[in-house]
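Encoded as structure tokens, the structure appears first; notes follow it.
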Amino acid sequence: MSQQQPQPRLDQLLPDDSDSDTGAPALPPLLAGSASKLDPSMVPQGPPTLADAASRISWSDLSWEGIKKLPCAPQALLTGLMAGSLLGVVRFSVTRRLRSAANWGMFAFAGSSAVSWEFCRFQRKVVAQQLDFITKEQEERSRKAALAEKLQQLKEQQKAEEDAMAEQAERERLARSASWVSYVWPTLRSGSSGPNNR
């Protein structure tokens with residue numbers, strides 16, 4: 001049988017430097033600003049359990065202000081309330097049985113809330129995918145634009161080098177032709193005034 005190694009605790013992962021005032025271990029730079037907000041009782045000592053999760057739920061999480069912070073909850077709850085109320089009232093006006101109308105209203109509330117929740121989550125997922133696609137496309141466009149600009153700069157640099165080389169070659173050709181003309185011209189002048197031309 002193989003022995004499982006115990007997982008290190010959070011205080012074992014932190015550096016050994018301790019704060020001289022409190023004797024508490026020094027926090028990494030990212031956590032140093034939030035040191036006053038850390039509660040030692042909130043640091044898990046082992047694997048989390050269901051009781052740990054339940055102990056972290058407060059009444060403020062279940063209030064309307066807490067529910068409004070959840071992305072799709074207000075829309076789902078309001079849709080469920082409207083559908084459940086409407087179907088309950090219609091069922092009561094048709095059958096005149098309160099228990100049946102309440103059952104239909106509750107089922108309509110639960111069903112329409114679930115459908116609205118899932119549809120809202122689906123819409124958020126689609127929007128997130130579209131934003132991710134747009135972001136990647138913009139990054140690709142900016143990368144292509146940077147590459148095109150760099151290619152244009154390289155072409156301009158290459159053209160400037162070719163122009164400089166062509167100009168240098170032209171200068172050398174002119175220098176050679178000037179030296180040739182300066183050598184041949186006196187010979188031609190002296191040859192043109194020879195006895196054949198008289």
Side-chain angles (χ1 to χ4, degrees), residues 2-15 19 22 24-147:
S2 65
Q3 289 183 332
Q4 281 186 336
Q5 295 181 357
Q7 293 186 358
R9 293 189 337 224
L10 182 61
D11 59 344
Q12 293 172 343
L13 295 176
L14 292 174
D19 193 6
T22 61
L27 294 173
L30 291 176
L31 295 176
S34 61
S36 61
K37 298 177 187 174
L38 290 178
D39 183 10
S41 66
M42 299 300 279
V43 176
Q45 298 299 325
T49 62
L50 187 59
D52 292 337
S55 68
R56 293 176 187 237
I57 297 174
S58 65
W59 286 108
S60 63
D61 294 335
L62 302 174
S63 69
W64 180 246
E65 294 301 319
I67 290 174
K68 282 196 302 188
K69 293 177 184 175
L70 296 174
C72 294
Q75 177 184 349
L77 288 176
L78 290 176
T79 302
L81 284 172
M82 288 189 304
S85 302
L86 181 65
L87 192 61
V89 167
V90 168
R91 181 72 179 171
F92 181 74
S93 65
V94 170
T95 63
R96 297 284 184 213
R97 291 188 301 207
L98 186 59
R99 185 177 207 141
S100 174
N103 287 340
W104 278 72
M106 286 303 293
F107 285 127
F109 167 76
S112 61
S113 293
V115 168
S116 177
W117 173 272
E118 290 300 325
F119 184 69
C120 176
R121 300 288 286 186
F122 172 74
Q123 282 181 325
R124 289 175 59 86
K125 184 178 177 183
V126 167
V127 168
Q129 288 174 346
Q130 289 173 345
L131 286 175
D132 189 38
F133 175 75
I134 289 170
T135 303
K136 287 180 181 177
E137 189 175 303
Q138 286 177 345
E139 288 174 358
E140 184 69 21
R141 283 183 186 170
S142 63
R143 188 182 65 80
K144 284 182 179 179
L147 285 175

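This is a predicted model, so every value here is computed, not measured. Atoms considered below: every heavy atom in the structure, side chains included; atoms not considered: hydrogens, waters and symmetry mates.
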- Message: Nearest 0.5 Å, please: how far is OG1 in T135 from CD in Q130?
- Response: 11.5 Å
- Query: Salt bridge check: are R141 and E137 linked by an N-O gap of less than 4.0 Å?
  - Reply: yes
- Note on the structure: Between C72 and the options F119, F122, W117, the side chain to side chain contact (heavy atoms under 4.5 Å, CB included) test singles out W117
- A101 versus G88, closest heavy-atom pair with distance: CB-O, 3.4 Å
- Kindly give the heavy-atom pair with the smallest separation between A108 and L87, and that separation in Å. CB-CD2, 3.4 Å
- Item | Residue pair K136, E139: steps toward the salt bridge (Lys or Arg N to Asp or Glu O under 4.0 Å) verdict | CA-CA 5 Å; K136 287 180 181 177; E139 288 174 358; over 6 Å; no
- Could you grab the distance from atom CG of N103 to atom CG of L98, nearest 0.5 Å is fine? 9.5 Å
- Between R121 and E118, does at least one N-O distance fall below 4.0 Å, as a salt bridge requires? no
- Quick one: CZ on F133 to CD on E140, what's the gap to the nearest 0.5 Å? 10.5 Å
- Note on the structure: Interatomic distance, CG@D132 vs NZ@K125, rounded to 0.5 Å, equals 12.5 Å
- Task: Answer yes or no: are there more than 12 heavy-atom neighbours, outside L50 itself, under 6.0 Å from its atom CG?
- Result: no
- Item | Within-4.5 Å side-chain heavy-atom neighbours: S60 and E65 | no
- Item | Shortest non-hydrogen contact between S112 and A83, atoms and distance | OG-CB, 3.3 Å
- Message: For M82, is there any backbone N or O sitting under 3.5 Å from a side-chain donor or acceptor partner on S85?
- Response: no
- Task: Locate the shortest heavy-atom distance separating R91 from S100; write the atom from each residue and the value.
- Result: NE-OG, 3.1 Å
- Of the non-hydrogen atoms in S113 and L77, which two are nearest, and what is the gap between them? OG-CA, 4.4 Å
